[in-house]
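First up is the structure itself, then whatever we jot down about it.
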Amino acid sequence: MTPFRSRTTRVIAGTATALAVLTACGGGGDDTANKPNGPVTLTFWGWAKGTKDVVDAFNASHTDVKVKFEEIPSGTAGGYAKISNAVKAGNAPDLVSIEYSSLPEFVSSGALQDIGGEFTEADRAKLLPQTVELTTLGGKSWAVPFDASPQAFFYRKDLFEKYKVQVPTTWDQFEKAAAQVKKADAKARIATFFPDDPTTFEAMAWQAGAQWFKAEDDTWKVNTTDPATTKVTAYWQKLLDDGLVHKNASFSPEWVGSLKNGTTLGYLGASWGAGVLKGTLPEQSGKWAVAPVPSWDGKPASGMLGGTSFAVTKDSKKKAAAVAFAEWMSTTEEGVKARIASGTSSAFPAAAALRPVAKQAFDAGYYGGQDIYALFETAGASINPSWAWGPTTGTTNTTIKDQFGKIAPGGPSLADAVKAGHDATVAELTKRGLKVEG
């Protein structure tokens, strides 16, 4: 057991009252996967790139278990609402994709089953400890981690060279580079602030050492006014005030268009972004490179942006088969190869032993043959272990997203948006009968 794991486990174990709702798991009943009468058919909902390829590969190589896959919108774009409604209606699939940030909310609502009996300590020991901690709540295991999603900075190396811009390693250098890009081309910007995506901002706060949610004894402590968050908020407010970054919705036609015409030179994303850019801008092959995300002191440091886990819904009668399939996707060479060889996914597996497989399966020719997985390896190891998600992420992020959309010169600020998210979070936790400080 790593020191990180033991520390977090002790913290969680001491929060019996605050996490009481997290230990209320759904039924499950008899698991027909243990007593199959012919092939077991699982239903699975997800949206991550390459998922259909993985399901097809599994079905082609297995006769005892078959998987029926339905692609749903990404979580915050309607997927989570669809899952929640299906659980309430009693017709949810057996297995669902859930990002780490949203897992506590699903657990706290009783939508999922504890899978600790099937997903053992030996299984978890093979995975990046940070991902294990994010799927362990109330001392129970609620999901199989698939990938880690450390931050990365994707940039147009040809345009950086054209404008004689050095790739920044610190946030101070990033601001100077941003000013240099704007000076070289009045329409160009080094990157984009995404008003529709608070998780990108949260990853910045995470990287800087923030800890918005902390469960101690019987109380949830919520803190978004810590020095790390305040520093990140002020920094991005200045970039916006000075017009040094674009402000467009993530993956919107405006954002993609600015990448296509070269007026956006960089993308502050995560490891999975390598596949997204490759699939979105195939005509720009060879023009992009990947760098570590800038940090405050120039040393490796990362938060996480997204990241997928697989969870079994509360009414599934096929828990063992569902977990076995989830583990096949996450911890086998065949599963990882099938996903990444599709060319649309650059996932960074939580299973350390499979990262060489992922590297080999992903065609890095788009990035000039750069060893992007070596970069992800360093970034993954530097993920700040202090961050935890609370059980009201939906409320937190919806509120911040709404406020981000209102930010304008002379109008609401980033600090106002973060405060609104804080206040909404405290109100929601209180509404649920939990003790809150903050």
Side-chain angles (χ1 to χ4, degrees), residues 49 149 151-197 199-201 203-204 235-295 305-306 343-346 362-372 375-376 379 404-405 407-409:
K49 298 291 186 183
S149 50
Q151 293 169 282
F153 178 50
F154 303 87
Y155 66 98
R156 280 283 298 271
K157 57 186 177 184
D158 59 329
L159 295 180
F160 267 59
E161 290 171 4
K162 176 181 178 181
Y163 299 142
K164 297 181 172 55
V165 178
Q166 295 293 315
V167 179
T169 60
T170 68
W171 287 116
D172 284 343
Q173 291 174 7
F174 185 87
E175 183 178 357
K176 291 182 176 67
Q180 190 178 346
V181 169
K182 183 181 178 182
K183 184 177 180 180
D185 180 345
K187 294 182 179 179
R189 297 294 183 270
I190 194 171
T192 304
F193 178 83
F194 298 135
D196 65 313
D197 181 20
T199 62
T200 296
F201 177 83
M204 304 292 183
Y235 177 85
W236 280 95
Q237 186 67 57
K238 187 173 187 300
L239 291 185
L240 287 169
D241 289 345
D242 293 346
L244 296 181
V245 290
H246 288 306
K247 183 186 173 190
N248 292 123
S250 57
F251 311 110
S252 64
E254 294 79 10
W255 181 67
V256 173
S258 73
L259 295 173
K260 286 181 178 291
N261 66 24
T263 56
T264 294
L265 278 67
Y267 165 39
L268 289 162
S271 48
W272 48 265
V276 171
L277 285 179
K278 182 180 176 182
T280 304
L281 305 161
E283 73 280 4
Q284 293 185 1
S285 180
K287 296 181 177 181
W288 286 87
V290 192
V293 70
S295 65
L305 179 52
T344 60
S345 174
S346 57
F362 184 79
D363 181 1
Y366 188 86
Y367 299 96
Q370 180 184 354
D371 188 352
I372 63 173
L375 187 150
F376 297 158
F404 274 0
I407 292 170

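We use all heavy atoms of the structure for the numbers below, so side chains are in, but hydrogens, waters and symmetry mates are not.
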Give the ring-plane orientation class for W171 versus F174, where under 30° counts as parallel, over 60° as perpendicular and anything between as tilted.
perpendicular
Heavy-atom pair with the smallest gap, counting every atom of M204 and W236
CE-CZ2, 3.9 Å
Please verify the inter-ring angle class for F251 with F194; under 30° counts as parallel, over 60° as perpendicular, anything in between as tilted.
parallel
Roughly how far apart are L259 CG and L281 CG, rounded to 0.5 Å?
5.5 Å
Note: A274 and Y367 closest approach over all heavy atoms is O-OH, 2.7 Å
Salt bridge D185-K187, side-chain N to carboxylate O under 4.0 Å:
no
Output yes when a side-chain donor or acceptor of S149 lies under 3.5 Å from a complementary backbone atom of A270, and no otherwise.
no
Donor-acceptor check, side chain of S258 to backbone of W255, threshold 3.5 angstrom: yes or no?
yes
Are the side chain of S346 and the backbone N or O of W272 linked by a donor-acceptor pair below 3.5 Å?
yes
Nearest heavy-atom contact between I407 and K247 is O-NZ, 2.5 Å
Checking side-chain contact (heavy atoms from CB on, under 4.5 Å) for the pair E175/K238: CA distance, chi angles, key distance, verdict?
CA-CA 9 Å; E175 183 178 357; K238 187 173 187 300; 2.7 Å; yes
Look only at the side chain of Q180 and the backbone of K164, and say whether a donor-acceptor pair between them is shorter than 3.5 Å.
yes
For the atom pair CG (D197) and CG (L305), what is the distance rounded to the nearest 0.5 Å?
6.0 Å
Roughly how far, to the nearest 0.5 Å, is CG of L265 from OH of Y163?
6.0 Å
How many angstroms lie between OG1 in T199 and CZ in F201, if you round to the nearest 0.5 Å?
11.5 Å
My understanding is that only one of T200, L244, L240 makes a side-chain contact (heavy atoms from CB on, under 4.5 Å) with F193; could you say which?
L240
Locate the shortest heavy-atom distance separating I190 from A177; write the atom from each residue and the value.
CD1-CB, 3.7 Å
Are the side chain of K182 and the backbone of D242 linked by a donor-acceptor contact shorter than 3.5 Å?
yes
Could you pull out all residues at least two apart from D172 that satisfy salt bridge (charged side-chain N to carboxylate O under 4.0 Å, His left out)?
none
Do side-chain atoms of Q370 reach the backbone of L375 as a donor and acceptor pair under 3.5 angstrom?
no
Spell out, as yes or no, whether a donor-acceptor pair under 3.5 Å connects the side chain of Y267 to the backbone of L277.
no
CD of E283: more than 12 outside heavy atoms within 6.0 angstrom?
yes
Determine whether a donor-acceptor pair (N or O, by modelled atom type, separation under 3.5 Å) exists between the side chain of R189 and the backbone of G243.
yes
What distance do T280 atom OG1 and K278 atom NZ have between them, rounded to the nearest 0.5 Å?
12.0 Å
How close do F153 and P294 get, heavy atom to heavy atom, and via which atoms?
CB-CD, 4.3 Å
In terms of heavy-atom contacts, W288 and G266 come closest through CZ3-CA, 4.3 Å
